[in-house]
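Down below is the structure, laid out as structure tokens.
Since this is a predicted model, take the numbers as computed values, not measurements. Quick note: numbers below take in every heavy atom, side chains included, and nothing from hydrogens, waters or symmetry partners. Index from 1, following the sequence.
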Amino acid sequence: MMFSSAVAFALAGALAVFPVTLGFTAQKRASGYFDPAEGGGSMFIDAGNGLGEPLNVIISGLSSPALRNEDGLLNYAKAIGFSTECLGIHLGNPFSANLGDGHGAVNQTAELRQDFGHSTVGTCLESLIGGNHFRVYFQNGPSANSGAAFLAVSKEQPASDNHDIVPDGYDIGRNELVAGAVGITSFDGVTYSTTAQNVTGLLPVGSNGVNHGIAIDGIVTVLTVTIQ
């Protein structure tokens, strides 16, 4: 009788703890990404001047596995109107981000620009006249390996204005990228289906600490991309 009571007590204790732990894990996996702040990171990339630019779009780690590497993401980017930089030439320094995944601050994997319907030379036009662009960071470190891609999206001015961000350019850039991504798109024989969900609480609202003093609305759009 004493043994049975002890076993029952132990099982009750385990059951009291287990749902809490299980719920925490399931919540993390269901989101398709980890909040960088929970691992000592930030939802702002380092602009190199003491200010930051928002990571305002996340491609969920629950997307098709091909999206979790640079080549797969590049093909998807071409399907939604972006491509590599003009003639492969990058001007300016890379920006780093700490996604709280155990890797610390890591430079951007790629910087992709609006291609105006021409994936090979269209980004040369963006470099000249301005347009939408984004920097890519993968959350794949040892402590938070979600496989998600975090994007810092912004709409910029022409080269004659030093590619500064247009007024409200972080929110505008995000919205324009999402508008071109949601639904069915394709490139090079691969067809994608994309859904979007807006998330608050990851980014603050306002311009405090934001590069160029441009206010943001605090919304991060999470895209889930499925290859058809």
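Applying the ring-ring contact (aromatic ring centres under 6.0 Å, His included) test to every pair with at least one member in residues 209-228, sequence neighbours left out, gives no pairs at all.
Note that CD1 of Ile165 is 5.5 Å distant from NE2 of His133, once rounded to the nearest 0.5 Å. The structure places OG1 of Thr123 at 10.5 Å from CD of Gln114, a figure rounded to the nearest 0.5 Å. Rounded to the nearest 0.5 angstrom, Asp217 CG and Asp171 CG are separated by 3.5 Å. To the nearest 0.5 angstrom, Arg135 atom CZ is 10.0 Å from Asn107 atom CG. For the atom pair CG (Leu112) and OG (Ser83), the distance works out to 7.0 Å, reported to the nearest 0.5 Å. Taking CZ of Phe138 as the start and OG of Ser146 as the end, the distance is 10.5 Å to the nearest 0.5 Å.
Put simply, the side chain of Asp101 gets close to the backbone of Gly141: a donor and an acceptor are under 3.5 Å apart. Not a single donor-acceptor pair under 3.5 Å links the side chain of Ser207 to the backbone N or O of Ala215.
Looking at every heavy atom in both residues, Asn69 comes nearest to Gly72 through OD1-N, 2.8 Å. Residue Gly173 comes nearest to Asn132 through the heavy atom pair O-ND2, 3.0 Å, listed as atom of the first residue, atom of the second, then distance. Residues His103 and Pro142 approach most closely at CE1-CD, 3.9 Å, considering heavy atoms. When every heavy atom of Gly32 is checked against every heavy atom of Ser60, the shortest pair comes out as CA-OG, 3.4 Å. Of all heavy-atom pairs spanning Ala181 and Thr194, the tightest one is O-CB, 3.2 Å. Heavy-atom minimum distance, Glu70 versus Ala110: OE2-CB, 3.9 Å.
Side-chain contact between Gln157 and Pro167 is present, with heavy atoms from C-beta onward closer than 4.5 Å. Between Tyr33 and Val222, the closest side-chain pair of non-hydrogen atoms falls below 4.5 Å. By the 4.5 Å heavy-atom criterion applied to side chains, Ile59 and Leu151 are counted as neighbours. Counting only heavy atoms from C-beta outward, the side chains of Pro36 and Phe150 approach each other to under 4.5 Å. Side-chain contact between Thr109 and Tyr137 is absent, with no heavy atoms from C-beta onward closer than 4.5 Å.
Take Phe82 and apply the ring pair (Phe, Tyr, Trp, His ring centres under 6.0 Å) test, not counting sequence neighbours, and it matches Phe134.
Using a 3.5 Å distance cut-off with no hydrogens or angles, the side chains of Tyr170 and Glu53 do pair a donor with an acceptor. Of the N and O atoms on the side chains of Asn198 and Thr221, at least one donor lies less than 3.5 Å from an acceptor on the other residue.
Hydrophobic clustering (ILVMFWY, side-chain heavy atoms < 4.5 Å, transitive): Leu223 and Val136 are in one cluster. Cluster annotation: Leu73 and Val190 are assigned to the same hydrophobic cluster (Ile/Leu/Val/Met/Phe/Trp/Tyr, side-chain heavy-atom contacts under 4.5 Å, transitive). Hydrophobic clustering, with ILVMFWY side chains joined whenever heavy atoms are under 4.5 angstrom apart, groups Ile227 together with Ile80. By the rule that hydrophobic residues join a cluster once side-chain heavy atoms approach within less than 4.5 Å of another member, Leu99 and Leu202 end up as members of one cluster. Residues Ile172 and Val153 do not share a hydrophobic cluster, clusters being chains of Ile/Leu/Val/Met/Phe/Trp/Tyr side chains in contact below 4.5 Å.
By the 6.0 Å contact criterion, NZ on Lys78 is enclosed, its count of non-hydrogen atoms from other residues, nucleotides or ligands being greater than 12.
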Check step by step if ring pair (Phe, Tyr, Trp, His ring centres under 6.0 Å) holds for Tyr192 and Tyr76.
CA-CA 8 Å; Tyr192 305 92; Tyr76 176 66; 5.0 Å; yes

Assess whether side chain to side chain contact (heavy atoms under 4.5 Å, CB included) is satisfied between Glu176 and Val178, documenting all intermediate values.
CA-CA 5 Å; Glu176 290 187 357; Val178 171; over 6 Å; no

Pair Asn98, Ser42 - check side chain to side chain contact (heavy atoms under 4.5 Å, CB included), show working.
CA-CA 6 Å; Asn98 182 348; Ser42 174; 5.7 Å; no

Between Val205 and Ile216, does a side chain to side chain contact (heavy atoms under 4.5 Å, CB included) hold up when you go through it step by step?
CA-CA 6 Å; Val205 177; Ile216 59 175; over 6 Å; no

Can Ile58 and Val220 be said to form a side chain to side chain contact (heavy atoms under 4.5 Å, CB included), step by step?
CA-CA 7 Å; Ile58 299 173; Val220 177; 3.9 Å; yes

Contacts table for residues 43-50: side-chain donor-acceptor under 3.5 angstrom, sequence neighbours left out:
residue	atom	partner	partner atom	Å
Asp46	OD1	Gly48	N	2.8
Asn49	OD1	Leu51	N	3.0
Asn49	ND2	Asn211	OD1	2.9

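The pair Asp168-Arg174 does not count as a salt bridge, with every side-chain nitrogen at least 4.0 angstrom from each carboxylate oxygen.
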